[in-house]
Amino acid sequence: MKQRLFVLPPPSFPALSPTLAQTDLRVYTRVMVNQCYCIALRAAARKATSIYDTALEPTGVNIAQFSLLRSIKRATAVSLTELGRVTDLDRSTVGRNVKVLERMGLVRVAAGSDQREATVTLDDAGHDVLRFGAPLWAGAQRKIEASLSPATAAHLLASLQSL
(Lines give C-alpha, C1' and ligand atoms only; values in the text may rest on other atoms or scores of the structure.)
Protein backbone atom coordinates (compact mmCIF):
# COMPACT_ATOMS: atom_id res chain seq x y z
CA MET A 1 0.00 0.00 0.00
CA LYS A 2 1.30 3.45 -0.95
CA GLN A 3 1.83 5.77 2.02
CA ARG A 4 0.58 9.36 1.76
CA LEU A 5 3.23 12.06 2.15
CA PHE A 6 0.95 14.50 3.95
CA VAL A 7 -2.06 14.57 6.20
CA LEU A 8 -5.27 15.78 4.63
CA PRO A 9 -6.61 19.02 6.11
CA PRO A 10 -10.02 19.15 7.77
CA PRO A 11 -12.91 19.39 5.26
CA SER A 12 -13.44 23.08 6.13
CA PHE A 13 -9.88 23.94 5.02
CA PRO A 14 -10.37 25.81 1.71
CA ALA A 15 -6.80 25.76 0.35
CA LEU A 16 -6.85 22.24 -1.12
CA SER A 17 -9.50 21.06 -3.50
CA PRO A 18 -10.68 17.44 -3.12
CA THR A 19 -8.94 16.64 -6.41
CA LEU A 20 -5.63 18.03 -5.19
CA ALA A 21 -6.03 16.41 -1.78
CA GLN A 22 -6.38 13.01 -3.45
CA THR A 23 -3.37 13.57 -5.70
CA ASP A 24 -0.04 12.21 -4.59
CA LEU A 25 2.14 15.12 -3.42
CA ARG A 26 5.06 14.04 -5.63
CA VAL A 27 2.89 14.43 -8.72
CA TYR A 28 1.75 17.87 -7.57
CA THR A 29 5.29 19.11 -6.98
CA ARG A 30 6.28 18.10 -10.51
CA VAL A 31 3.65 20.42 -11.96
CA MET A 32 4.63 23.42 -9.80
CA VAL A 33 6.04 25.85 -12.35
CA ASN A 34 7.19 28.70 -10.10
CA GLN A 35 10.00 28.37 -7.59
CA CYS A 36 8.87 28.81 -3.99
CA TYR A 37 10.11 32.13 -2.61
CA CYS A 38 10.31 30.75 0.90
CA ILE A 39 12.53 27.81 -0.09
CA ALA A 40 14.77 30.04 -2.20
CA LEU A 41 15.11 32.58 0.62
CA ARG A 42 15.87 29.85 3.17
CA ALA A 43 18.56 28.33 0.93
CA ALA A 44 20.12 31.76 0.37
CA ALA A 45 19.95 32.48 4.10
CA ARG A 46 21.79 29.23 4.87
CA LYS A 47 24.52 30.14 2.37
CA ALA A 48 24.85 33.70 3.69
CA THR A 49 24.90 32.44 7.28
CA SER A 50 27.69 30.05 6.39
CA ILE A 51 29.76 32.89 4.90
CA TYR A 52 29.34 35.03 8.03
CA ASP A 53 29.85 32.13 10.45
CA THR A 54 33.08 31.14 8.69
CA ALA A 55 34.33 34.73 8.77
CA LEU A 56 33.45 35.16 12.45
CA GLU A 57 34.84 31.80 13.55
CA PRO A 58 37.99 33.34 15.11
CA THR A 59 35.76 35.35 17.49
CA GLY A 60 34.06 32.25 18.89
CA VAL A 61 30.57 33.48 18.02
CA ASN A 62 28.27 32.93 15.06
CA ILE A 63 26.46 35.60 13.07
CA ALA A 64 23.28 35.35 15.17
CA GLN A 65 25.27 35.89 18.36
CA PHE A 66 27.33 38.68 16.80
CA SER A 67 24.17 40.43 15.65
CA LEU A 68 22.64 40.13 19.12
CA LEU A 69 25.81 41.57 20.67
CA ARG A 70 25.62 44.50 18.25
CA SER A 71 21.99 45.13 19.21
CA ILE A 72 22.88 45.06 22.90
CA LYS A 73 25.74 47.50 22.32
CA ARG A 74 23.51 49.93 20.41
CA ALA A 75 20.95 49.90 23.22
CA THR A 76 23.59 50.17 25.99
CA ALA A 77 21.44 48.55 28.72
CA VAL A 78 18.32 46.86 27.39
CA SER A 79 15.52 44.68 28.74
CA LEU A 80 14.92 41.27 27.20
CA THR A 81 11.51 42.46 25.98
CA GLU A 82 12.98 45.53 24.27
CA LEU A 83 15.82 43.45 22.83
CA GLY A 84 13.23 41.08 21.37
CA ARG A 85 11.41 44.03 19.84
CA VAL A 86 14.49 45.53 18.19
CA THR A 87 15.72 42.17 16.90
CA ASP A 88 12.26 41.00 15.80
CA LEU A 89 12.55 37.85 17.94
CA ASP A 90 10.19 36.63 20.63
CA ARG A 91 11.24 37.20 24.21
CA SER A 92 11.79 33.52 25.01
CA THR A 93 14.19 33.12 22.06
CA VAL A 94 16.07 36.25 23.11
CA GLY A 95 16.22 34.99 26.69
CA ARG A 96 17.74 31.66 25.63
CA ASN A 97 20.26 33.35 23.33
CA VAL A 98 21.26 35.87 26.00
CA LYS A 99 21.85 33.02 28.48
CA VAL A 100 24.33 31.48 26.03
CA LEU A 101 26.12 34.82 25.69
CA GLU A 102 26.13 35.19 29.46
CA ARG A 103 27.69 31.72 29.89
CA MET A 104 30.32 32.74 27.35
CA GLY A 105 31.11 35.79 29.52
CA LEU A 106 30.10 38.27 26.82
CA VAL A 107 27.09 39.91 28.50
CA ARG A 108 25.86 40.64 32.01
CA VAL A 109 22.24 40.14 33.02
CA ALA A 110 20.93 42.04 36.03
CA ALA A 111 17.54 42.77 37.51
CA GLY A 112 15.86 45.73 35.87
CA SER A 113 14.37 48.75 37.57
CA ASP A 114 11.03 47.02 38.24
CA GLN A 115 12.60 43.66 39.27
CA ARG A 116 10.32 41.74 36.85
CA GLU A 117 12.49 42.44 33.84
CA ALA A 118 16.13 41.55 33.33
CA THR A 119 18.50 44.11 31.84
CA VAL A 120 21.33 43.05 29.52
CA THR A 121 24.62 44.88 29.05
CA LEU A 122 27.84 44.01 27.25
CA ASP A 123 30.73 42.75 29.33
CA ASP A 124 34.31 43.71 28.43
CA ALA A 125 34.72 40.43 26.55
CA GLY A 126 31.59 41.26 24.53
CA HIS A 127 33.10 44.60 23.52
CA ASP A 128 36.31 42.78 22.54
CA VAL A 129 34.39 40.32 20.36
CA LEU A 130 32.65 43.19 18.56
CA ARG A 131 35.91 45.09 18.09
CA PHE A 132 37.75 42.01 16.77
CA GLY A 133 34.77 40.79 14.75
CA ALA A 134 33.89 44.05 12.99
CA PRO A 135 36.51 43.72 10.22
CA LEU A 136 35.69 40.01 9.86
CA TRP A 137 32.00 40.84 9.47
CA ALA A 138 32.88 43.57 6.94
CA GLY A 139 34.89 41.01 4.97
CA ALA A 140 31.86 38.73 4.81
CA GLN A 141 29.76 41.68 3.63
CA ARG A 142 32.28 42.37 0.84
CA LYS A 143 32.30 38.71 -0.16
CA ILE A 144 28.53 38.68 -0.55
CA GLU A 145 28.52 42.01 -2.41
CA ALA A 146 31.25 40.73 -4.75
CA SER A 147 29.20 37.64 -5.59
CA LEU A 148 26.11 39.75 -6.32
CA SER A 149 27.54 43.12 -7.43
CA PRO A 150 27.07 46.19 -5.24
CA ALA A 151 23.96 47.34 -7.10
CA THR A 152 22.29 43.92 -6.90
CA ALA A 153 23.21 43.63 -3.21
CA ALA A 154 21.67 47.05 -2.49
CA HIS A 155 18.52 46.11 -4.43
CA LEU A 156 18.31 42.77 -2.60
CA LEU A 157 18.62 44.45 0.79
CA ALA A 158 15.92 46.99 -0.06
CA SER A 159 13.63 44.22 -1.36
CA LEU A 160 14.10 42.08 1.74
CA GLN A 161 13.43 45.04 4.04
CA SER A 162 10.11 45.60 2.30
CA LEU A 163 8.81 42.15 3.29
Side-chain angles (χ1 to χ4, degrees), residues 5-6 15 25-26 28-114 116-163:
L5 297 176
F6 66 107
L25 186 58
R26 289 174 289 188
Y28 175 68
T29 57
R30 276 189 231 121
V31 297
M32 290 174 64
V33 179
N34 297 329
Q35 184 176 14
C36 175
Y37 295 117
C38 183
I39 299 301
L41 284 168
R42 290 178 64 154
R46 283 191 300 274
K47 290 174 187 173
T49 298
S50 177
I51 291 168
Y52 284 99
D53 285 350
T54 300
L56 291 170
E57 197 170 345
T59 67
V61 298
N62 62 36
I63 186 60
Q65 293 165 329
F66 189 78
S67 176
L68 194 55
L69 289 171
R70 287 177 58 169
S71 295
I72 294 166
K73 180 182 179 185
R74 277 192 291 272
T76 310
V78 63
S79 72
L80 293 175
T81 302
E82 179 63 14
L83 188 56
R85 191 189 64 72
V86 299
T87 59
D88 201 23
L89 296 170
D90 63 85
R91 189 187 181 287
S92 62
T93 300
V94 169
R96 284 190 303 273
N97 293 343
V98 164
K99 283 185 193 227
V100 171
L101 295 175
E102 183 180 30
R103 283 194 303 269
M104 294 171 75
L106 303 176
V107 299
R108 266 181 263 122
V109 179
S113 58
D114 73 1
R116 291 176 293 168
E117 185 70 67
T119 301
V120 185
T121 56
L122 279 185
D123 211 346
D124 290 340
H127 285 286
D128 292 343
V129 165
L130 289 177
R131 196 170 16 266
F132 180 63
L136 303 174
W137 176 87
Q141 287 278 104
R142 286 189 300 274
K143 184 174 184 176
I144 289 175
E145 284 178 352
S147 70
L148 296 174
S149 89
T152 303
H155 180 72
L156 174 64
L157 190 56
S159 296
L160 291 173
Q161 289 172 339
S162 70
L163 288 177

Any chance you could measure [X], atom [atom1], to [Y], atom [atom2], to the nearest 0.5 Å?
| X | Y | atom1 | atom2 | answer |
| --- | --- | --- | --- | --- |
| Lys99 | Leu101 | NZ | CG | 12.5 Å |
| Leu69 | Arg74 | CG | CZ | 11.0 Å |
| Thr119 | Leu83 | OG1 | CG | 11.0 Å |
| Ile51 | Arg142 | CD1 | CZ | 13.5 Å |
| Asp128 | Leu122 | CG | CG | 10.0 Å |
| Thr87 | Glu82 | OG1 | CD | 9.5 Å |

Which atoms form the tightest heavy-atom contact between [X] and [Y], and what is the distance?
| X | Y | answer |
| --- | --- | --- |
| Thr121 | Ala77 | CG2-CB, 3.5 Å |
| Ser159 | Ser162 | O-OG, 2.6 Å |
| Gln35 | Ala40 | NE2-CB, 3.7 Å |
| Thr49 | Ile63 | CG2-CG2, 3.9 Å |
| Gly133 | Leu56 | O-CD2, 3.8 Å |

Requested in this report: Using the side-chain contact (heavy atoms from CB on, under 4.5 Å) rule, take Gln65 and Leu106 through it: C-alpha gap first, then chi angles, then the decisive distance, then the call.
Outcome: CA-CA 10 Å; Gln65 293 165 329; Leu106 303 176; over 6 Å; no
Query raised in the report: Does a sphere of radius 6.0 Å around NE2 in His127 hold more than 12 heavy atoms from other residues, nucleotides or ligands, not counting ones at 6.0 Å or beyond?
Result: yes
Query raised in the report: Considering only heavy atoms from C-beta outward, does the side chain of Arg96 approach that of Val100 to under 4.5 Å?
Result: no
Query - Those residues that, when tested against Glu117, pass salt bridge (Lys or Arg N to Asp or Glu O under 4.0 Å) (two or more places apart) - result: Arg91
Report task. Check step by step if side-chain contact (heavy atoms from CB on, under 4.5 Å) holds for Leu41 and Leu163. Result -> CA-CA 12 Å; Leu41 284 168; Leu163 288 177; 4.3 Å; yes
May I ask you to decide if [Y]'s main-chain N or O and [X]'s side chain share a donor-acceptor pair within less than 3.5 Å?
| X | Y | result |
| --- | --- | --- |
| Asp123 | Ala125 | no |
| Ser147 | Ile144 | yes |
| Ser50 | Arg46 | no |

Report task. Mind running side-chain contact (heavy atoms from CB on, under 4.5 Å) on Tyr52 and Leu136 for me, showing each step along the way? Result -> CA-CA 8 Å; Tyr52 284 99; Leu136 303 174; over 6 Å; no
